[in-house]
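See structure below.
Read the numbers this way: they start at 1 and go in the same order the structure lists the ligands and their atoms. For this chain, numbers begin at 1 and follow the sequence in order.
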Amino acid sequence: MRKMRRKGLASMAVQTVESSTSNPTVDLGPAAALSCRECGHRVPLGPVFACEECFGPLEIAYDFSAYDAEELRKRIEAGPSNIWRYAPLLPVPADVADKPNLNPGWTKLVKADHLARELGVEPGKLFVKDDSGNPTHSFKDRVVAQALEAARAFGFTTLSCSSTGNLAGAVGAAAARAGLRSCVFIPHDLEQGKVVMAAVYGGELVGIEGNYDDVNRFCSELIGDPAGEGWGFVNVNLRPYYAEGSKTLAYEICEQLGWRLPDQIVVPIASGSQLTKIDKGLQELIKLGLVEDKPYKIFGAQAEGCSPVSTAFKAGHDVVRPQKPNTIAKSLAIGNPADGPYVLDIARRTGGFVEDVTDEQVVDAIKVLARTEGIFAETAGGVTVGVTRKLIENGVLDPSLTTVVLNTGDGLKTLDAVAGTGLTATIRPSLESFRAAGLA
Ligand SMILES: Cc1ncc(COP(=O)(O)O)c(C=O)c1O
Ligand SMILES: [Zn+2]
């Protein structure tokens with residue numbers, strides 16, 4: 001059954017690990033090896049992503065044995081106001097903060113009392129983790145920052161990715177700052193805001209005639225071809241490193257809550273990587289003794305027009321059936337999510353749920369969040385807020401518990417979603433006209 005669940009990866013190109021074993025100078029801090037999520041097989045750190053034994057996905061295994069909880073907490077608190085305060089828990093060298101990169105993270109955790117009132121949550125219990133405050137206005141800067149260090153360590157000269165939009169911009173900007181070439185791939189019909197944000201940093205931006213799953217398939221082919229030699233695809237051959245960046249969301253949320261686990265977290269799902277690594281981050285904090293061990297629930301959020309994971313969850317399946325996406329939430333439009341089965345495991349293990357909302361509910365939720373908290377979210381944020389509302393209405397999410405809702409991107413990139421929002425009135429520059437418009 002497990003092997004069946006990984007069928008998607010089995011068909012991808014699997015690179016050899018020779019480059020890492022022949023490169024003893026790789027220094028990625030506490031990262032000790034790559035370990036298969038399915039069978040536990042370990043290989044040295046290298047630009048590989050699938051297990052040579054069972055094709056399961058590889059992830060970073062760490063050696064945290066030297067850490068003392070109190071010392072580590074003090075070291076983190078004395079660190080910079082960005083993700084590098086958590087460098088001791090990430091696959092990056094100790095001097096990472098001194099290298100040219102975008103220094104993302106340490107975004108605001110907003111106590112959202114007005115939104116809480118609107119959704120029927122107890123005051124003081126609802127928070128929005130607002131990751132639109134990152135350098136390229138989405139959480140993707142966190143993951144790209146890790147992949148950039150891996151690319152440097154493995155000697156890649158071109159940074160690349162398959163993207164639903166936000167990742168392309170994050171890669172373009174990170175490569176520009178680091179002085180690397182970038183060439184990124186997106187579906188050809190993305191929102192203008194996403195296209196401009198990806199193109200403006202001066203790298204190459206290629207539109208593929210097809211959806212994200214077609215783009216991703218093409219990139220996997222390119223990796224196995226001489227044309228892709230020397231290329232680090234942040235979310236393909238550097239995926240184990242890239243994915244770790246999402247742990248920093250979990251670390252920040254807990255630290256900003258006063259080194260406390262939230263009771264409930266609502267996370268958007270595209271490939272599912274972010275959700276699985278938020279869980280990994282929370283588990284690490286518990287094991288390291290940085291937070292008290294107590295139950296928490298993770299909820300996944302999708303748009304109805306691309307809901308392969310919520311559909312599988314609600315049907316009680318542990319296999320995710322691919323879908324053809326059709327939603328305004330284009331950043332989440334991955335019909336064949338690589339980490340889908342793991343999301344199902346985590347939602348079930350923690351007692352959470354995976355839910356979806358219609359495009360209309362997404363737009364409404366964007367407006368509610370903007371109106372109540374002054375946060376303008378992209379469609380992915382509309383998905384999480386909309387799903388939070390639905391889960392409360394259905395009695396699935398407990399409104400009396402501490403709940404964190406993620407906003408992972410900026411509404412300025414998806415202006416079309418709220419087209420029609422505009423002027424209240426157009427008047428002549430006179431008090432008479434102002435009064436006549438009923439605005440006095
Ligand atoms: C704004 C935004 N939020 C969330 C996600 C979901 O990321 P993941 O693929 O890790 O599930 C994406 C992915 O592109 C995104 O752009
Ligand atoms: Zn394996």
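Each of the atoms 14 (O) of ligand 1 lies under 4.0 Å from some heavy atom of T164. Here is the list of ligand 1 atoms found below 4.0 Å of a heavy atom in G272: 8 (P), 9 (O), 11 (O).
Atom 16 (O) of ligand 1 has as its closest protein heavy atom N166 ND2, 2.9 Å. Closest to atom 6 (C) of ligand 1 among all protein heavy atoms lies A270 CB, 3.5 Å. Nearest protein heavy-atom contact of atom 9 (O) of ligand 1 is S271 OG, 2.6 Å. Protein heavy atom nearest atom 2 (C) of ligand 1, with residue, atom name and distance: T408 OG1, 3.4 Å.
Only the side chain of L332 comes within contact range of ligand 1, with a heavy atom under 4.0 Å; no backbone atom does. Only the side chain of A380 comes within 4.0 Å of ligand 1, counting heavy atoms alone; its backbone N, CA, C and O stay farther away.
Polar contact with ligand 1: absent for S138 (N/O pair, distance under 3.5 Å).
Between F49 and F233, the distance from one ring center to the other does not fall under 6.0 angstrom.
The CG atom of N211 sits 9.5 Å away from atom NE2 of H188, with the distance rounded to the nearest 0.5 Å. In this structure, CZ in R260 is found 5.0 Å from OG1 in T402, a value given to the nearest 0.5 Å. Note that SG of C39 is 12.0 Å distant from CZ of R42, once rounded to the nearest 0.5 Å. A distance of 4.5 Å separates CD1 in I253 from CD1 in I265, rounded to the nearest 0.5 Å. For the atom pair E284 CD and Y86 OH, the distance stands at 12.5 Å (nearest 0.5 Å). With rounding to the nearest 0.5 angstrom, the NZ atom of K99 is 9.5 Å from the CH2 atom of W84.
Ranked by closest heavy atom to atom 10 (O) of ligand 1, the top entry among E378, K413, Q274 is Q274. The closest non-hydrogen atom to atom 12 (C) of ligand 1, taken over K140, Q302, K194, K330, comes from K140.
The shortest separation from a heavy atom of L167 to ligand 1 is not under 4.0 Å, leaving the residue out of contact. At a 4.0 Å cut-off, at least one heavy atom of P268 sits close enough to ligand 1 to count as contact.
The nearest N, O or S atom of H41 is not closer to the Zn ion (ligand 2) than 2.8 Å.
Geometry at the Zn ion (ligand 2): SG/C51 and SG/C54 form an angle of 120°, nearest 10 degrees. To the nearest 10 degrees, the angle centred on the Zn ion (ligand 2) between SG in C39 and SG in C36 reads 110°.
Side-chain contact between I186 and V215: absent, with no pair of heavy atoms (C-beta onward) separated by less than 4.5 Å.
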Full working for salt bridge (charged side-chain N to carboxylate O under 4.0 Å, His left out) between D364 and R389: CA-CA 11 Å; D364 190 52; R389 163 173 261 168; 3.5 Å; yes

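Between K314 and D356, at least one side-chain nitrogen of the basic residue sits less than 4.0 Å from a carboxylate oxygen of the acidic one, meeting the salt-bridge criterion.
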